[in-house]
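Take a look at the structure below.
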Amino acid sequence: MPVNRIILVDDDEISNFLSISLIKKIDPEIEIIPFRNGKEALDYLQNESLSKRRSNLILLDIRMPVMNGFEFLEEVHNSDLRIKDSMRVVMLSSSDNPRDLERAKSFKVLGYINKPLKEESISTYLSLAG
């Protein structure tokens, strides 16, 4: 099942606007739920019963206030969230620091995209089977 819901976690309003616009251009049917930091997204995941019929993708920025992307992944890993084993995460970053890429690989993430989001970089992940 292709992705039909994206949880976008990024504190950069301009990046979010561009990402949402691009994703909606690719597929206007995709539901996009934006959050400004990892804590907001984690609270949502803990309180929201995400339907098994929906294929979810999390686009997760690395550098954010309150709770960054790596702290979010650590919290999810140590949690009892029912969906944590089926979560599909793509890291987003404007950083080209090799340590960030290596650290991202240490988590169970699908990939790592440099911002700004481009059609060729996100299209593969949008068509992934659920």
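Note that these values count all heavy atoms, side chains included, but never hydrogens, waters or copies made by symmetry.
The closest side-chain heavy-atom distance from Leu117 to Leu59 is below 4.5 Å. Put simply, the side chain of Arg88 reaches to within 4.5 Å of the side chain of Val3, judged on heavy atoms. Counting heavy atoms from C-beta outward, Phe107 and Met91 have side chains that stay 4.5 Å or more apart. At least one side-chain heavy atom of Val9 sits less than 4.5 Å from a side-chain heavy atom of Met64. With a 4.5 Å cut-off on side-chain heavy atoms, Ile113 and Ile122 count as touching. With a 4.5 Å cut-off on side-chain heavy atoms, Tyr125 and Leu57 count as touching.
Nearest heavy-atom pair, Ser93 versus Ile62, reported as atom, atom and distance to 0.1 Å: CB-CD1, 3.7 Å. Of all non-hydrogen atoms in Gly69 and Leu60, the two that sit nearest each other are O-CD2, 3.5 Å. Shortest non-hydrogen contact noted between Asn37 and Pro65 is CB-O, 3.2 Å. The minimum heavy-atom distance linking Met67 with Leu42 is given by the pair CE-CD2, 4.0 Å. Taking every heavy atom of both residues into account, Val90 and Tyr112 meet most closely at CG1-N, 4.4 Å. Heavy atoms only, all atoms of each residue included: Ala104 and Val109 are closest at O-CG2, 3.2 Å.
The pair Glu13-Arg36 meets the salt-bridge criterion, since a charged nitrogen lies less than 4.0 angstrom from a carboxylate oxygen. Remark: Lys39 does not engage Glu75 in a salt bridge, criterion side-chain N to carboxylate O under 4.0 Å.
Other residues, nucleotides and ligands contribute more than 12 heavy atoms inside 6.0 Å of the CD atom of Glu120.
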Chi angles and distances behind the side chain to side chain contact (heavy atoms under 4.5 Å, CB included) call for Val89, Leu110: CA-CA 6 Å; Val89 177; Leu110 291 177; over 6 Å; no

Derivation of the side chain to side chain contact (heavy atoms under 4.5 Å, CB included) call for Leu18 and Ile20: CA-CA 6 Å; Leu18 295 172; Ile20 291 168; over 6 Å; no

CA sep, side-chain torsions, deciding dist, call: Leu92, Leu8, side chain to side chain contact (heavy atoms under 4.5 Å, CB included): CA-CA 10 Å; Leu92 300 175; Leu8 175 60; 4.0 Å; yes

Derivation of the side chain to side chain contact (heavy atoms under 4.5 Å, CB included) call for Phe35 and Asp11: CA-CA 7 Å; Phe35 296 98; Asp11 64 316; over 6 Å; no

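Donor-acceptor pairing under 3.5 Å is lacking for the side chains of Arg63 and Asn68.
When each of Asp12, Asp10, Asn16 is paired with Ile14, the side-chain contact (heavy atoms from CB on, under 4.5 Å) condition holds for Asp12 and for no other.
Rounded to the nearest 0.5 angstrom, Arg103 CZ and Leu73 CG are separated by 9.0 Å.
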